[in-house]
Amino acid sequence: MFPTCLGPAPSPALIRTVVVSYGDGHHDAPRGDALRIDTRSLRNPPSDPAVRERMLHSTGLEPDVRAYVRATPGFEKVVGRGLERALGLLALPDRRFRVDIHVVCGGGRHRSVAVAEELADRLRDAHVGVETEHRHIDRPILSAEAGGLLTDPAWRSRSATCRRAPRSGTRSSTGCSPTSP
């Protein structure tokens, strides 16, 4: 006779959710069905003259950038709503699919990355296996005013994606490295 239940909850090592951050300005959004979280209503770090110079060379993986984005009015509402919806999808009876979450901002380096990491941390705290991917973290910062790049578009000669596997009991982070297309 087979057991009807394998345990109170799936192992956090089992990937049940993939959180992908990206920048809408790069025009290559991830495809497929996903819960979409828009962070463009949050304050953009490179647009703030007080921190602009430092933020031009930083990403949402860095603690000071995450703290800056967390301090933005509306941050908790965006993350809380996304978490609630993701957990709702994961709790559907007889769910046989992975829940993908796409987190968007303008350029894919600061707000979407910080929110994706925060959401992934909260899902892990809820014992959900999560993997994060940051599609545009190594791409140049976009200029909203000029509608173009602030730096040389040399990124076209390479493709960089940052993938972070689930953490096994630690809070250490892994780095990002360019990968070939």
Side-chain angles (χ1 to χ4, degrees), residues 17-32 34-79 81-83 86 100-124 130-167 171-181:
T17 303
V18 175
V19 182
V20 179
S21 72
Y22 70 100
D24 195 45
H26 294 291
H27 307 295
D28 62 342
R31 297 177 186 221
L35 172 62
R36 186 167 181 257
I37 299 173
D38 192 338
T39 66
R40 289 175 288 191
S41 64
L42 303 178
R43 188 172 49 224
N44 187 14
S47 297
D48 183 347
V51 296
R52 178 176 170 68
E53 198 55 42
R54 185 173 36 130
M55 294 298 171
L56 287 174
H57 307 288
S58 302
T59 71
L61 293 177
E62 296 171 41
D64 61 325
V65 177
R66 285 185 74 177
Y68 181 92
V69 175
R70 269 193 210 109
T72 300
F75 172 84
E76 197 56 47
K77 182 178 178 183
V78 168
V79 173
R81 188 180 318 142
L83 179 64
D100 289 347
I101 303 169
H102 297 168
V103 184
V104 62
C105 69
R109 291 177 49 114
H110 300 97
R111 294 170 292 179
S112 64
V113 172
V115 168
E117 288 296 322
E118 182 70 24
L119 186 58
D121 286 345
R122 292 184 188 190
L123 285 165
R124 286 183 193 103
V130 179
E131 179 178 276
T132 59
E133 177 183 338
H134 304 297
R135 290 179 63 113
H136 300 138
I137 197 166
D138 288 332
R139 294 216 183 155
I141 292 179
L142 300 173
S143 165
E145 297 82 25
L149 300 172
L150 289 180
T151 58
D152 182 51
W155 61 268
R156 293 184 196 277
S157 64
R158 64 171 169 76
S159 172
T161 298
C162 175
R163 289 191 89 107
R164 297 184 70 200
R167 295 177 220 153
R171 293 275 175 173
S172 64
S173 63
T174 57
C176 298
S177 60
T179 57
S180 45

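- A search for side-chain contact (heavy atoms from CB on, under 4.5 Å) contacts involving Asp28 returns His26, Arg135, His136, Arg139, not counting sequence neighbours.
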Please test Val51 against Asp64 for side chain to side chain contact (heavy atoms under 4.5 Å, CB included), starting from the C-alpha separation and ending with a verdict. CA-CA 10 Å; Val51 296; Asp64 61 325; over 6 Å; no

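- Ser21 meets the side chain to side chain donor-acceptor pair (under 3.5 Å) test with His134; sequence neighbours excluded.
- If you take CD1 on Ile101 and OG1 on Thr132, they are separated by 11.0 Å, rounding to the nearest 0.5 Å.
- Screening residues 100-110 for side chain to side chain donor-acceptor pair (under 3.5 Å) gives Arg98-Asp100 as the qualifying pairs, with residues at least two apart or on separate chains.
- Every residue was checked against the salt bridge (charged side-chain N to carboxylate O under 4.0 Å, His left out) condition with Arg81, not counting sequence neighbours, and none meets it.
- To the nearest 0.5 angstrom, Leu119 atom CG is 12.0 Å from Ser112 atom OG.
- Residue pairs satisfying the salt bridge (Lys or Arg N to Asp or Glu O under 4.0 Å) criterion with at least one member in residues 36-49, sequence neighbours excluded, are listed as follows: Asp24-Arg40, Asp38-Arg40.
- For the atom pair OH of Tyr22 and NE2 of His27, the computed distance is 12.0 Å after rounding to the nearest 0.5 Å.
- Side chain of Arg52 to backbone of Pro46: a donor-acceptor contact under 3.5 angstrom is found.
- The distance from the OG1 atom of Thr17 to the CG atom of Leu123 is 5.5 Å, given to the nearest 0.5 Å.
- Annotation for Phe75 and Val115: closest pair CE1-CG2, 3.8 Å, computed over non-hydrogen atoms.
- With sequence neighbours excluded, the residues satisfying side-chain contact (heavy atoms from CB on, under 4.5 Å) with Ala114 are Arg66, Val69.
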